[in-house]
Every structure is written in structure tokens, then in C-alpha cells.
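First comes the structure, then the notes that go with it.
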Amino acid sequence: MTSGLSILNLRVNVSATGNDIVDEIDLKIQKGRVTGLVGESGSGKTTVGLAVLGHARRGVEIVQGEIYCDDTDVLNLDEGSKREIRGSLVSYVPQDPTSSLNPALRIGVQILEVLETHNFGGSDQARRVRVREMMAEVLLPSDDEYLERYPHQLSGGQQQRVVLAMAFACRPAVIVLDEPTTGLDVSTQEHVLKTIRNLSSQHGVAALYITHDLAVVSELADDVAVMYAGRIIEQGSAYDIFNNPSHPYTRHLVAAAPDIAGEQQIVGLAGRAPSPGKRPNGCAFSVRCESVTDDCLGQFPQSVSISQSHFARCINIRKSETSAKPESIKLVKKASSNTVLELRNISAGYGGQSVVEEISLILGRGQCLALVGESGSGKTTVARCIGGLHTEWSGEIFLNNEKLNRGSRQRRIEQRLGIQYIFQNPYGSLNPRRTVGDSIIRPLIISGSTGSTVKKELNEVLEKVSLPSAYSDKFPDQLSGGERQRVAIARALISRPDVLVCDEITSALDVLVQAAVVDLLATLQRDLGLAILFITHNLPLVRSIADEVAVMSDGKVVEFGDTATVIGHPVQEYTQRLISATPSIARSSK
Amino acid sequence: MIATSSDRPVGLVRKALKLRRTKIGLSILIGVGLMAIVGPFFAPHTQTEFIDMPNSLNIPGALFGTDYLGQDVWSRFLIGGRSILLLSLGATTLGLIAGISLGLLAALSKGKTDELIMRIFDVILSFPQILLALLLVSMFDASPWLTILSVGLSTTPRVGRVIRGAALSVVERDFVNAAIALGESRFRILFFEVLPNVTGPLLVEANLRFTYSIATIASLAFLGFAPDPSAANWGTMIQENSTVIVIQPWGAVLPVIAIAVLTIGTGLFGDGLARVSAGIDRGKESVEQ
Amino acid sequence: MPIIKFISRRLGLGVVTLFAVSLLIFLVTQAFPSDPAQAILGRETTPESLDALRQELGLYRPAVTQFSDWLIGILHGDFGKSFVTQMQISEYIAPRVGNSLFLMVVGAFLSVPLSVAIGAFSALRRDRKFDTISSTTSLILAAIPEFVMGTALILFFSTSIFHVLPAITLIDAGAAPWSDPSGVVLPILTLVLAVTPYVSRTMRASMVEILESDYVEMARLKGMSERVVLIRHALPNALGPVFQVIALNLAYLAGGTVIVERLFNYPGIGSALADSVRARDLPVIQFLALMIAGVYVLMNLVADVATVLATPRLRTSLK
């Protein structure tokens with residue numbers, strides 16, 4: 001057995017039903033190397049990660065397989081010995097540092113207790129030195145005052161560094177990182193990734209990096225394993241995966257990932273991954289696969305070797321290789337002679353604290369303007385002022401050359417319907433106790449339409465967002481995230497608005513779904529001549545949809561111009577930093 | 001009483017009824033409720049009729065003997081549940097209507113209105129339920145309306161706080177913002193957007209409050225403050241007959257069993273609701289990972 | 001010190017609440033009844049005695065003066081005189097306060113540790129036998145009104161079934177409650193049975209949530225033993241929400257004893273309240289209601305402060 005991590009034929013079941021969550025997992029990681037484990041939510045990646053520590057969550061059990069960390073056979077240890085290796089031989093970095101650090105204990109204590117538990121260094125003195133050493137390694141202050149802080153007194157990025165310090169403190173041989181940068185700003189993410197990379201190579205650790213974000217993987221990982229429905233369906237070097245994706249699913253993932261470096265158009269994929277117990281016979285991806293044949297339906301395909309270190313589980317690899325041609329969704333840029341929405345010197349704040357300062361923007365008919373910034377830059381506040389949801393603002397907003405009042409209640413009905421707001425989270429923006437159809441037609445009812453007109457408009461608008469008309473009787477919780485966001489778009493469209501305000505509308509969605517929603521929005525914009533204000537923190541996404549970009553920082557627009565110029569040749573230092581901090585898929589290098 | 005704009009609340013009860021405790025609770029509720037409502041029609045004697053020597057057992061025609069005044073224990077038992085049940089229902093309904101309205105209003109308006117409502121709630125909450133009821137009956141003549149009013153009043157802030165708490169997170173969600181952006185009226189937002197989303201906690205709380213109303217109203221009767229002190233009432237019966245419990249236990253034992261069984265029934269039913277509703281409202285998704 | 005500032009701010013709020021409480025008591029008992037004197041004396045009375053009582057109550061003064069005089073009297077330690085016994089209220093109440101306090105403190109000392117232990121253990125044994133039994137039992141016990149529970153206990157322990165304990169307490173208001181130990185067993189048992197289910201259920205719920213939390217999983221994945229995970233990571237965080245419920249139940253012990261004291265004929269403030277309500281002894285009713293509500297307000301304050309002190313996130317965000 002070589003040193004590092006090896007997983008052999010792992011299977012984990014739901015105890016109650018005996019259905020597998022993951023099965024036939026084989027994975028080897030050598031010391032000093034990073035393997036990215038990629039998949040959509042629900043694909044079983046966290047289950048694999050936890051199994052490496054011999055741990056299974058409540059209601060779930062590891063039923064088969066072998067896992068070796070260095071030469072230790074993890075799954076055959078008794079509970080006491082498993083405890084001994086956890087945190088020392090193999091450690092875990094969870095997704096959400098805020099909930100994973102004990103709110104009642106000081107951070108110094110929490111790092112120290114790992115060392116104490118495993119009797120690291122032999123003496124208290126040595127352990128205290130080690131704590132400071134680790135703080136320095138993750139680039140945090142190591143003075144007493146800082147060590148005595150509680151987790152909530154740290155930012156998200158700092159908390160994640162503390163967790164990293166904890167994970168690396170006992171010099172583990174294997175480390176499992178479970179989406180450690182989700183929820184962090186790009187610049188914070190960049191720092192954390194850098195720290196992870198440095199620590200892994202310095203300490204010669206075998207790192208399993210679990211994520212749904214391909215761009216991050218391409219920055220960090222040496223090898224990549226792609227999971228779908230509880231199986232690893234493709235595995236190879238990062239270069240192979242990004243430049244020669246062989247499984248149809250991987251090709252979709254790579255095509256769907258927005259990319260800041262290239263002109264690549266993003267392409268979506270309908271449907272969602274089947275959950276445990278509902279997986280079809282044969283290849284689990286067959287339901288969504290465009291090159292499916294009858295042979296796919298018998299049993300899960302065996303591994304096919306593409307090159308020496310590159311495998312995929314698909315029987316149609318050669319045949320389907322050529323069918324991955326991303327469909328262009330390039331926006332038609334229209335000349336905007338008449339302005340639809342104009343913001344003049346908008347300042348806004350909360351309780352006297354200023355968040356937005358003197359912003360002016362112009363949006364023409366049929367135009368898409370992206371408002372980009374990190375969290376706290378004030379971009380959502382601007383959107384809420386436009387929608388009349390936030391009333392603490394000064395300046396002027398014009399819709400079709402008419403000045404708007406502050407709150408939505410003070411605006412005329414056609415003004416309220418003329419600007420439609422689409423919210424970030426489709427799980428929150430639809431009333432769960434109301435059918436989809438009822439939610440969609442509300443704007444029409446308010447404007448006084450009745451009976452057959454409403455029915456007709458409802459069917460039309462559902463068709464526009466590519467949902468079957470039968471969906472109008474469903475409840476939101478019967479829909480997937482992407483479908484819900486389509487419903488929210490339908491609700492916004494039904495009153496034939498002039499302006500759509502899209503507030504981070506794809507950030508709660510998986511990449512494939514995100515691509516499909518953006519695709520839809522672009523089509524609608526082209527067909528209906530809508531003006532869109534597209535608010536996001538995701539610069540790569542902007543490239544695929546916007547005509548113009550305004551970059552916000554600290555409540556001000558710091559840079560403005562057409563999309564290609566702003567992203568290709570940013571003038572402001574802030575924009576440059578934002579762009580360079582965004583991970584990028586290296587499609588042709590590496 | 002409660003606006004139901006979709007089939008979800010019904011779904012909650014139906015789902016809860018799959019649990020054994022809910023089934024047992026509901027059967028008890030129906031059984032004891034039915035007995036209390038139709039019982040009076042089967043009473044062999046009137047509630048104040050003297051039939052034999054006080055505190056005697058083994059009297060032909062009187063199943064459980066006579067009480068401390070020589071009245072028929074069995075008849076008084078059959079009659080004595082109705083007023084407790086009806087008064088509790090009345091008080092709970094009053095408390096729910098007032099509590100829901102104020103709680104929703106507080107959650108949506110925030111700021112000063114919210115603060116004022118919560119402070120008023122705090123003041124009322126400083127009185128144990130039984131104390132507030134005692135305070136009212138101390139200076140006014142006891143009547144069914146006074147009982148309903150006093151118990152309903154002390155129920156209001158308890159319901160109100162739960163509803164406000166549940167509604168606060170709903171109010172923050174974007175579908176409420178979407179309604180505000182459309183300019184929907186405040187009333188519509190409260191009762192058609194927000195209320196249907198707090199039916200889980202509401203049902204649980206309504207049931208809990210019903211249990212407590214029964215306890216408080218029966219306790220008032222036990223302390224001697226029933227609307228009509230000479231009328232048959234389970235609480236009054238326990239008080240009257242507990243001193244002679246050694247010679248004639250039935251006068252106290254029957255109502256003790258009835259009240260205990262009834263409140264255990266509502267308790268079980270409510271616990272079933274609570275379990276299911278916690279699952280639903282937390283938006284539990286299918287087994288992830 | 002931010003914590004001192006917080007406590008004094010909270011204290012100020014408590015005083016305001018108490019003021020509102022006293023106003024409510026006054027309104028309900030003295031201002032809303034069209035004629036409290038009539039209410040007290042009933043229908044069959046002479047105009048002379050009505051007039052005398054109105055004089056004594058000071059009902060001829062304006063309502064605002066009546067209220068302020070009452071409040072100022074209380075602030076000066078002058079609680080007024082009972083109509084029925086003609087004793088000073090302070091004299092009448094003092095020994096009974098001791099008795100009630102005895103019930104409350106002993107009840108609390110027995111039920112709080114017991115319920116925290118039961119709750120925590122149930123959470124650890126979640127869905128296993130102990131949990132099922134204790135959860136069902138506490139569910140049933142919580143539902144039963146305490147006078148029903150008390151009567152059942154009397155039936156069980158003081159009548160033909162087991163005649164081991166007296167059905168009522170035979171002590172004078174002046175004597176110490178522990179002078180008749182067997183007489184206080186049933187009242188205390190009733191209180192413990194009334195309080196324990198609530199606290200243990202809250203403790204269980206809180207503990208279950210904490211045990212499912214990410215940081216407890218993290219602590220396990222750091223290789224810490226189950227005992228350390230529990231004592232160091234789970235318990236301190238689980239106790240926070242329980243404080244509120246404990247305080248509420250202690251306050252309940254102060255007011256809810258009305259029923260229990262009445263049932264067992266125990267000479268405390270609860271039975272004094274029931275007596276004075278029956279006799280419509282207005283000054284005593286007013287004072288006792290204010291006192292019991294005062295305990296409530298105080299307990300809530302203590303709970304709030306304890307929660308803040310025990311939760312670093314709250315403690316450090318004090319300004």
C-alpha cells in the first residue's frame with residue numbers, strides 16, 4: 001500500500017431502506033497531491049468525505065469497502081481507535097465554518113483541544129507553541145487577545161482559516177475538505193485556497209477537495225473525480241477532465257461552468273440527479289443523456305480507460321464525443337435609442353448609515369446591464385430602491401421618463417407592474433402554500449384582469465419559460481430549484497414589464513441549472529425586447545449575458561463600460577483584483 | 001376562524017394522524033367531548049335533585065352513590081363536563097383571534113407598533129393565567145362571559161408571541177417582498193400570504209392553548225369560582241367531594257379521571273401535530289448525502 | 001462595564017413593566033367595577049355601610065389619586081389593611097411568604113436538576129426505550145392540571161389504597177412548614193410533577209438540536225471522546241434556552257401554588273389569595289397580585305441576564 005489515501009469499492013447505505021447513497025467508489029490520492037471530488041448537491045460527495053474518517057451520519061451506514069489512510073485500515077478500527085486517528089492522521093474541514101465552530105468556546109481553546117486530545121507535542125508548553133505556529137501558517141494573528149476571541153467575532157474567511165489551523169495542527173496524512181470556500185467572497189476565497197494549496201504541499205498531505213465549483217477545482221486540484229448519483233463516473237488528471245471530458249455528464253459540467261477567461265458560452269441541462277432509491281436501472285445519467293441507447297439501460301456501465309490515468313463509466317464514449325457542441329446564447333445587442341430606466345444620484349442607507357452613494361445608471365430598452373460587486377457593495381440595495389422595497393433613499397428614479405415615488409405602495413399600478421423584481425432565492429420567493437399558477441397570475445388580478453384572459457395569459461407565459469401548463473396546479477415544493485426560478489420569471493413576465501430586476505437569481509442554483517436559467521433569460525430578452533438589470537457577484541456569468549457592466553464597491557460605481565472592455569481591460573484596480581481573484585478554468589494550459 | 005387558502009393544513013392533520021399518539025389523542029378528544037356534550041341527555045336525575053342520604057354508596061338506581069349533599073354523582077358527572085368544554089372552546093377561540101391578529105400585525109409592522117404590542121403582551125404575561133382570572137372574578141360577578149373573557153385575555157399574548165415568532169421569518173421571505181412590490185394591501189399580505197405559512201405552529205399552539213384553557217377553567221371551578229357554583233361541574237365536584245374522599249371516593253374520582261383523560265387526549269393530539277409540523281416547517285428535504 | 005449597563009437597562013424595563021402591571025391590577029379591581037364597595041358588600045347592604053366602605057377605600061377621591069396613593073403607599077412599605085382580619089397586610093402575609101417560599105425552593109431544587117438530567121439523557125438515548133418512556137410520561141404529566149394530579153395523589157397515598165401520607169397539611173400559618181414533614185411531601189410532589197415535564201422536554205429538544213449541530217459533528221471528527229464532546233461542546237450550548245423555561249417555571253411555582261396550597265390547605269400566599277378573592281378582600285387581592293406578578297418580572301429578568309452571560313455571542317455584543 002502506498003502512502004496517502006486509498007478508497008476501495010466503498011458503499012454507503014441508508015440504514016432504513018438499504019438503498020445505496022454511494023457505491024463502487026475507488027479513489028487513490030498520493031501524498032502532496034490534491035484530488036477534486038466534483039458533483040451536484042445530492043451526488044454523495046460529502047458521504048464519501050465523511051467515510052474517509054470512518055464516520056457516517058445518523059441513519060446512514062458504511063456497508064462495504066476498504067479505506068486506507070497511509071497504512072491504517074480505517075473501516076476496520078474500533079470506535080476508540082477511529083477517534084484516535086480523527087484529527088491526527090486524517091482531518092476534516094467542513095463546509096460552513098460558522099456553524100462548525102462551537103459558539104461557546106474561544107478559538108484558541110478549540111485549536112488547542114485537538115492537540116490535547118491527541119497528546120500532540122507531549123507537553124502543554126509545546127502545544128501552546130504549536131497553536132501560535134498554526135495561526136501564523138494560516139496568516140492570522142497569534143497574540144493572546146486574538147486567540148481569546150469567540151468565533152462570531154471573526155469574519156467568515158477568518159473562521160475558515162481557524163478551521164484549517166485546527167485541521168493541519170496534528171500534521172495529518174490525509175485531509176478532507178468539504179466545500180470549504182462556499183459562501184466566501186471571491187477575494188476571501190482566493191486567500192483560503194492559497195492557504196490550502198500551501199499547507200497541502202508543505203505538509204505533504206493527501207487532500208480530498210469536495211466541491212461543486214469546477215473553476216475552484218481547476219485552480220487547485222491535480223486530479224479530478226466526477227460524481228453522479230453516488231458513483232464516480234469519470235476520473236483523471238485535471239488537464240484531462242477539462243480538455244478532454246469524456247463522460248457526457250462531465251462534458252455538460254465543463255460546458256456549463258461560466259468562465260472568465262474564455263469567450264465560452266454556457267449551456268444548461270434540464271432535469272436533476274435522481275436521489276437514492278429513485279435511481280434508474282443501468283446508467284443513472286441515462287434519463288438526462290442525449291446520446292442514450294438501449295444498451296445504457298441494462299446495468300451501470302463499467303469503467304472504460306481513455307488513457308492510462310483517465311477513466312469514465314460510459315459505454316458510448318467514442319460515439320458521443322462529438323455531440324458536445326455548446327449552443328450559442330449570445331445576446332443580440334440592440335441600439336437603445338430610448339431609455340427605459342434611469343437612476344439619478346441615488347443614495348441609500350439603513351438607519352442613517354449610508355450604503356449607496358450617488359449612483360447614476362441608464363438602462364435602455366432591450367439592454368442588459370450587469371451590476372457587479374462583492375457582498376456589502378450595495379448592489380442589492382440599489383435593486384430594492386428600484387423595486388420600491390427599500391424606501392430610505394434620495395435621488396430620482398425615472399421609469400419611461402416618469403419619476404417614481406419611493407415605496408411601491410406610493411407608486412401607480414402600471415409603474416409597479418412595469419418594474420418586476422426577481423429574487424435571489426426561488427425557495428423563498430414563492431408562497432409555499434399557494435399553487436404556482438395562483439402566484440403567477442397575481443399581478444394580472446391586481447391590474448383587474450379576470451377569467452379567460454388570465455387563463456390564456458397564464459398558459460402563454462408558462463410556455464415562454466418552457467414549463468408545461470399542467471405545472472400551474474403544482475405547489476412550489478414539488479418543483480426543482482430551476483423550475484421555481486422559471487416560475488418566478490413567469491410571474492415577472494405576465495404583466496409585460498419594461499424592466500426586469502434580477503437580484504442574484506442564479507446564485508442559489510447548481511451550475512447546470514444556472515446555465516439553463518441564464519439561457520432562458522437571454523432568449524426572453526431577445527424575443528421580448530426586455531431591459532434587464534442583472535445583479536450578481538459572479539463576474540464570469542456577466543460575460544455570458546450582459547451588454548454593459550457597472551462594477552460597485554463600497555456603495556459607489558467604480559467602473560463602467562461594455563462587457564468585453566470591463567472584463568478584458570479593466571482600468572480600476574478594484575476590478576482588476578476582482579477579476580484576478582476569480583478562479584478560472586484552465587482549458588488549454590496546465 | 002382560520003383562513004385556509006390551500007389544502008396544506010388539512011395535509012398536516014392527515015399526516016399527523018398517521019402517528020399512533022395522534023390517533024389515540026383524537027379518539028379520546030372525540031369520546032370525552034361527545035360524552036360531555038350529549039351526557040346531560042342521559043342523566044337519570046337533575047343536577048341538584050336530592051335523592052338519598054349524603055355520601056352513601058350502594059343505592060339502587062344511583063350507580064355511583066350520592067355526593068356530600070345527597071345528589072346523584074353519576075348524573076352530576078354526566079352533566080358537569082359540558083360547561084367546561086364549551087367555555088374552554090370559547091376562551092381559546094377568543095384568544096386565538098386576538099392573538100393571531102396582534103401577532104401578525106406586530107411581525108409585519110416591526111418598529112414602534114411591534115414594540116408596543118410586545119410590551120403589552122409582557123405585562124399580561126406577568127400574570128399566571130389563573131391569577132389574571134382570579135383578579136377578574138374577584139370584583140365582577142362570575143358569569144360564563146367573564147370566564148371566557150378572562151381566560152381568553154390571558155391566552156392572547158401567548159398565542160400572539162408564537163404567531164409573531166413564526167411570522168417574523170415568513171415576513172422576511174421574498175414572496176412577501178414580491179407582494180409588497182406589487183402593492184398588495186396590508187390585510188391581504190397578513191392573512192393570505194403570511195398566515196397560511198404559519199398554520200403548523202398555529203395548529204400546535206391552538207391545541208396547547210385549548211389544553212390550558214380546560215385546566216384553567218376547571219381550576220377556577222375547583223377554587224369555587226365557577227359561573228354557577230351550585231351547577232354540576234367537574235372542577236366543582238372535585239373540590240366538594242375531596243374532603244369525603246375516604247368514605248365516598250366516586251364524587252371526586254370520576255371527574256379526576258375525566259379531566260385527566262381529556263387533557264391527556266388534547267396533549268397527545270397536540271404532540272402529534274407538533275412532530276409533523278416541525279418536519280414540514282423546517283422544510284425538511286429528502287435524505288441529502 | 002457593558003454587562004452592568006445591560007442589567008440596569010433591563011432593570012429599568014422591569015420597573016416600567018411592574019408599573020404597567022400595577023396599573024392593570026388597579027384598573028381591573030378598583031376602576032372598572034362601577035362601585036367596588038357595592039361589589040364587596042353585595043346587594044343586601046345598607047347605604048350607611050356602603051358609604052363607610054367608600055370612605056375607607058377612598059373611593060371619593062379621583063381615580064388618579066387613588067392609584068398614586070396606593071402605589072406610593074406600597075413604595076413606602078405601607079401595604080394597607082385587610083378588611084376581613086383587620087390586620088396589617090404585611091403582618092398577615094409575612095409568615096405565609098416564608099411558607100410559600102419553602103415550597104417553591106424545595107420544589108425547584110428537586111425538579112430542576114432532575115429534569116435537566118432526564119432531558120439530556122433522553123436526547124442521548126433518542127428514540128430508544130428510555131427516551132420513549134420518559135417522553136410519553138412527561139407528555140401525559142404535562143397535560144394534567146395540577147389540582148387533578150394532586151387529587152389523584154391524595155387518592156393514592158392518603159386513602160384506602162396506601163394510607164401513608166396525610167391528605168392535608170396541618171400546620172399553622174405561623175409555624176415552620178418543616179415542623180410537619182409528612183404534610184409537605186404531597187404538595188411538593190405535586191409541584192415537582194407539574195414542573196419537571198416542561199423543563200425536561202425543553203432540555204431534550206435543545207440537546208437534540210445541539211447534538212445534530214455541525215460543531216458537535218466537528219468535535220467528533222476531531223477525535224474527541226464522547227464524554228468530552230458532551231460535557232464541553234454540547235451541554236453548555238444546550239443549557240441556554242433552558243434557563244428561560246426554568247425561570248418561567250419558578251415564577252409559575254410562585255403563582256401556580258394557589259391551586260396546590262388550596263388543595264392541601266397549606267398556609268401560604270396562594271391559599272391567602274384564594275381566601276381573599278372569595279371574601280373580596282380588595283387590599284389583600286391587590287397586594288398579592290402585585291407581588292406574584294413581581295416575582296414573574298424578576299424571574300424573567302434573571303433568566304435574561306443568565307442567558308446573556310452564558311452565551312458569548314450575546315455577551316460580547318453588549319454595548
Side-chain angles (χ1 to χ4, degrees), chain B residues 21 25 119-120 122-141 150 208 211-212 214-225 234-235 238-239 241-243 245-247 249 252-253 255-268 270-271 278, chain C residues 13 16-21 23-25 28-30 32-33 36 39-40 135-136 139-152 154-155 158-160 163 167-168 251-252 254-256 258-259 262-263 273-274 276-278 280-282 285-286 288-289 292-297 300:
Chain B
R21 62 185 66 217
R119 286 288 89 80
I120 294 175
D122 278 351
V123 171
I124 302 177
L125 283 171
S126 305
F127 295 91
Q129 271 197 290
I130 189 83
L131 178 62
L132 198 64
L134 280 177
L135 214 51
L136 276 163
V137 297
S138 71
M139 283 294 132
F140 297 89
D141 290 322
S150 64
L208 190 68
T211 313
Y212 285 130
I214 295 173
T216 309
I217 285 167
S219 300
L220 269 181
F222 168 77
L223 289 174
F225 303 110
W234 289 343
I238 295 176
Q239 183 239 335
N241 297 310
S242 60
T243 43
I245 219 164
V246 185
I247 348 173
V253 168
V256 159
I257 293 174
I259 296 179
V261 168
L262 176 62
T263 48
I264 289 171
T266 56
L268 286 172
D271 191 62
Chain C
L13 190 65
V16 174
T17 311
L18 264 185
F19 176 79
V21 163
L23 185 64
L24 182 68
I25 293 173
V28 167
T29 54
Q30 202 163 330
F32 283 159
I40 292 165
S135 294
T136 315
L139 177 63
I140 289 173
L141 290 181
I144 302 176
E146 57 266 31
F147 78 97
V148 174
M149 172 71 68
T151 312
I154 291 176
L155 270 170
S158 314
T159 61
S160 36
H163 193 88
I168 54 170
Y252 156 83
V258 181
I259 309 286
R262 180 85 247 156
L263 177 64
L273 179 67
S276 54
V277 168
R278 180 157 328 173
R280 302 208 151 159
D281 194 344
L282 183 63
I285 296 173
Q286 289 175 331
L288 285 176
I292 293 172
V295 174
Y296 240 77
V297 173
N300 269 321

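These numbers come from a predicted model, not from an experiment. Residue numbers start from 1 in every chain, and the chains themselves are labelled A, B, ... in the order their sequence lines are given, proteins ahead of strands.
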Distance in Å, L131(B) CG paired with I285(C) CD1, rounded so as to fall on 0.5 Å steps: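 The CG atom of L131(B) sits 10.5 Å away from the CD1 atom of I285(C).
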Working to the nearest 0.5 angstrom, can you tell me the gap between I130(B) CD1 and E146(C) CD?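 That separation rounds to 8.0 Å.
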Side chain, backbone, both or neither: which part of [X] has an atom under 4.5 Å from a heavy atom of chain B?
{"X": "V297(C)", "value": "side chain"}
{"X": "L282(C)", "value": "both"}
{"X": "I25(C)", "value": "both"}

The criterion is ring pair (Phe, Tyr, Trp, His ring centres under 6.0 Å); which residues satisfy it with F147(C), sequence neighbours excluded?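 Expected list: F222(B).
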Please look at S219(B) and chain C and tell me whether the side chain, the backbone, both or neither of the residue comes under 4.5 angstrom of a heavy atom of that chain.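 Both the backbone and the side chain of S219(B) come within 4.5 Å of chain C.
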Examine whether an atom of I264(B) lies under 4.5 Å from a heavy atom of chain C, and if so say whether it belongs to the side chain, the backbone or both; otherwise answer neither.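 It is both, since atoms from each part get that close.
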For chain C, find which of [options] contributes the most heavy-atom pairs closer than 4.5 angstrom.
{"options": "G224(B), G267(B), A215(B), S126(B)", "result": "S126(B)"}
{"options": "D122(B), L125(B), I120(B)", "result": "L125(B)"}
{"options": "I238(B), V137(B), L132(B), L262(B)", "result": "I238(B)"}
{"options": "I124(B), T211(B), T216(B), L134(B)", "result": "L134(B)"}

Heavy-atom side-chain proximity of L155(C) to V253(B) below 4.5 angstrom: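 Contact flag for L155(C)/V253(B) side chains = yes.
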With respect to chain B, which residue among D281(C), L139(C), I140(C) yields the maximal number of heavy-atom pairs within a distance under 4.5 Å?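 Among the listed options, the one with the most contacts to chain B is L139(C).
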Which pair of non-hydrogen atoms, one from P128(B) and one from Y296(C), has the smallest distance, and what is that distance?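 Residues P128(B) and Y296(C), closest heavy atoms: CG-CE1, 3.6 Å.
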Locate the shortest heavy-atom distance separating F140(B) from V28(C); write the atom from each residue and the value.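 Distance-wise, the nearest heavy atoms are CE1-O, 3.5 Å.
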Sequence neighbours excluded, which residues qualify as side chain to side chain contact (heavy atoms under 4.5 Å, CB included) partners of V16(C)?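 None.
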So, the side chain of R278(C) versus the backbone of L223(B): is there a donor-acceptor pair under 3.5 Å, distance only?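 The answer is yes, because a donor-acceptor pair under 3.5 Å joins these two groups.
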Can a donor-acceptor pair be found, under 3.5 Å and without considering hydrogens, that links the side chain of T263(B) to the backbone of A143(C)?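 Answer holds: yes.
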